[in-house]
J.: 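Sending over a structure as structure tokens; questions will come in a sec.
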Amino acid sequence: MTDQDNNHSGLTLLVVEDDLALLKALHDILEAEGYQVRTATHGEEALESYREKKPDLILSDISMPVMDGLQLFEAVRRQPGGIAIPFIFLTAHSSGRREDKFHGRSLGADDYITKPISSHELRNVVHARLRRADELMVEQIKIAFKKSLSTFANAIELRDPYTYNHVKRINEYAQAMANELGWDENRREALEFGAILHDIGKLEVFIDILSKKDELTPEEWEVMRRHPEFGAHMIEKIDYLAPVVPMILHHHERWDGSGYPGGLVGEEIPEEARLLAVIDSFDAMTTDRPYRSAMPPEVALEEIKQRAGVQFDPYMVAIFNRIWESGAVPSIIEERKNNRENNIE
Ligand SMILES: [Fe+2]
């Protein structure tokens with residue numbers, strides 16, 4: 001355990017116990033760990049304390065006068081924010097109390113410490129529960145963040161009807177590629193954001209350019225070709241998305257250096273951007289566009305292979321070919337067909 005793990009200052013625990021000697025012992029052990037410890041001798045007093053200052057964790061006896069631990073647990077869960085607070089029961093070690101345990105468990109309490117309590121167990125259980133609560137919160141924030149970003153990305157799709165559901169498919173292809181490449185979870189997650197956001201800069205491109213049926217004029221192309229820079233600029237201030245900026249900025253670079261905006265050549269192009277370039281083009285080829293109808297996937301695959309070493313990184317093309325052969329690409333395409341037939345898209 002590092003010193004940082006032991007730094008609990010700022011975290012408030014609420015300890016509820018009617019046995020005053022035990023209450024003091026619990027208080028002292030936890031305070032020595034660096035927690036701010038508030039105490040109460042029954043449920044009602046605990047609720048008052050809760051309303052005064054919401055604790056980060058509650059440790060409560062079950063049998064107590066005025067309001068017992070189970071009633072307290074139910075009352076806390078009804079309080080604003082109460083559902084997310086880790087709640088640990090202190091249970092007596094006697095067969096007569098077994099039903100308390102089961103009742104508590106069916107209510108969804110997080111843990112139990114059986115009396116007599118060892119200070120070692122107390123420290124471990126409290127620490128583990130707080131860490132778990134932290135992990136859950138980070139996870140929930142990430143999920144909420146991805147959902148907001150997807151909604152944002154869908155806004156582009158609404159402006160550009162020809163890329164309908166493009167973001168969703170790109171993400172599926174990207175994850176299959178990352179899987180084949182053996183990338184770790186952090187890298188896969190960053191790639192997921194890259195896939196969701198790669199065309200986010202199109203929000204700054206006028207809608208008449210995005211949905212134009214005729215060929216774009218050179219001036220219009222000039223604006224269209226700036227969407228990677230617009231997109232990178234939009235997210236560069238979000239620290240969490242820092243690894244995603246190069247993916248957005250360089251997803252239209254070409255292996256031979258003739259792409260944009262940097263004209264980067266070969267391995268100068270970030271790996272994730274080389275990956276996105278392959279699947280972005282494949283999806284564009286296999287989707288109807290204003291100026292042409294969709295290519296059959298087999299033809300598009302041949303086209304991608306032809307452009308290996310010219311437009312695309314040959315290694316990424318080989319990986320794409322592997323996920324094709326494993327059946328991942330055809331099944332994503334098949335799913336799209338089914339969705340379309342069922343009007344899900
Ligand atoms: Fe793009």
Side-chain angles (χ1 to χ4, degrees), residues 149-175 177-178 190-213 215-236 238 241 243-265 268-292 294-295 300 303-304 307 310-313 316-317 320 332 336:
L149 286 182
S150 298
T151 308
F152 194 35
N154 281 332
I156 314 168
E157 296 186 8
L158 288 175
R159 281 164 53 96
D160 181 0
Y162 299 99
T163 59
Y164 201 55
N165 259 357
H166 169 66
V167 166
K168 185 167 169 271
R169 285 190 304 271
I170 289 289
N171 193 26
E172 287 171 9
Y173 293 136
Q175 290 304 315
M177 294 276 282
L191 181 66
E192 189 178 351
F193 283 115
I196 294 171
L197 296 172
H198 71 284
D199 271 346
I200 204 80
K202 283 190 181 171
L203 280 175
E204 290 193 30
V205 176
F206 291 121
I207 196 153
D208 45 350
I209 298 181
L210 282 181
S211 53
K212 193 170 171 185
K213 286 210 162 61
E215 220 170 289
L216 298 182
T217 66
E219 293 76 29
E220 286 166 338
W221 260 120
E222 208 44 55
V223 178
M224 190 67 157
R225 283 162 59 101
R226 293 199 62 198
H227 78 268
E229 289 162 86
F230 294 152
H233 186 65
M234 283 163 87
I235 65 153
E236 69 189 1
I238 307 170
L241 293 178
V244 185
V245 175
M247 303 182 205
I248 296 179
L249 188 58
H250 297 297
H251 76 275
H252 283 289
E253 303 285 359
R254 296 166 63 114
W255 188 251
D256 64 4
S258 65
Y260 59 90
L264 304 185
V265 184
E268 288 174 7
I269 308 166
E271 235 178 329
E272 279 82 349
R274 284 182 250 152
L275 181 158
L276 287 173
V278 172
I279 56 181
D280 192 22
S281 297
F282 177 79
D283 194 67
M285 288 177 198
T286 52
T287 314
D288 286 327
R289 292 289 151 126
Y291 39 88
R292 55 151 178 78
M295 264 182 210
E303 186 76 34
I304 295 278
R307 297 188 203 172
V310 182
Q311 184 175 351
F312 305 120
D313 173 359
M316 287 300 170
V317 173
F320 186 72
I332 294 167
R336 178 177 69 190

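Every number for a ligand or one of its atoms is a count from 1 in the order of the listing. Source: prediction; values computed, not measured.
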J.: Name all residues meeting the side-chain contact (heavy atoms from CB on, under 4.5 Å) criterion together with Ala190; count only those two or more places apart in sequence or in a different chain, and write none if there are none.
T.: Pro243, Met247
J.: Using 2.8 Å as the cut-off, note every protein N, O or S atom close to the Fe ion (ligand 1).
T.: Asp199 OD1, His227 NE2, His251 NE2, His252 NE2
J.: With sequence neighbours excluded, tell me which residues meet side-chain contact (heavy atoms from CB on, under 4.5 Å) with Glu271.
T.: Trp183, Arg187, Arg274, Met316
J.: Is the side chain of Glu172 donor-acceptor paired with the backbone N or O of Ile332 at a distance under 3.5 Å, no angle test?
T.: no
J.: Quick one: closest heavy-atom pair of Ala294 and Thr287, and the distance?
T.: CB-C, 3.6 Å
J.: Check side-chain contact (heavy atoms from CB on, under 4.5 Å) between Arg307 and all other residues, then give those that pass, not counting sequence neighbours.
T.: Met285, Glu303, Gln311, Phe312
J.: So, taking the atom named CZ in Phe193 and the one named CG in Asn171, what distance separates them when rounded to the nearest 0.5 Å?
T.: 10.0 Å
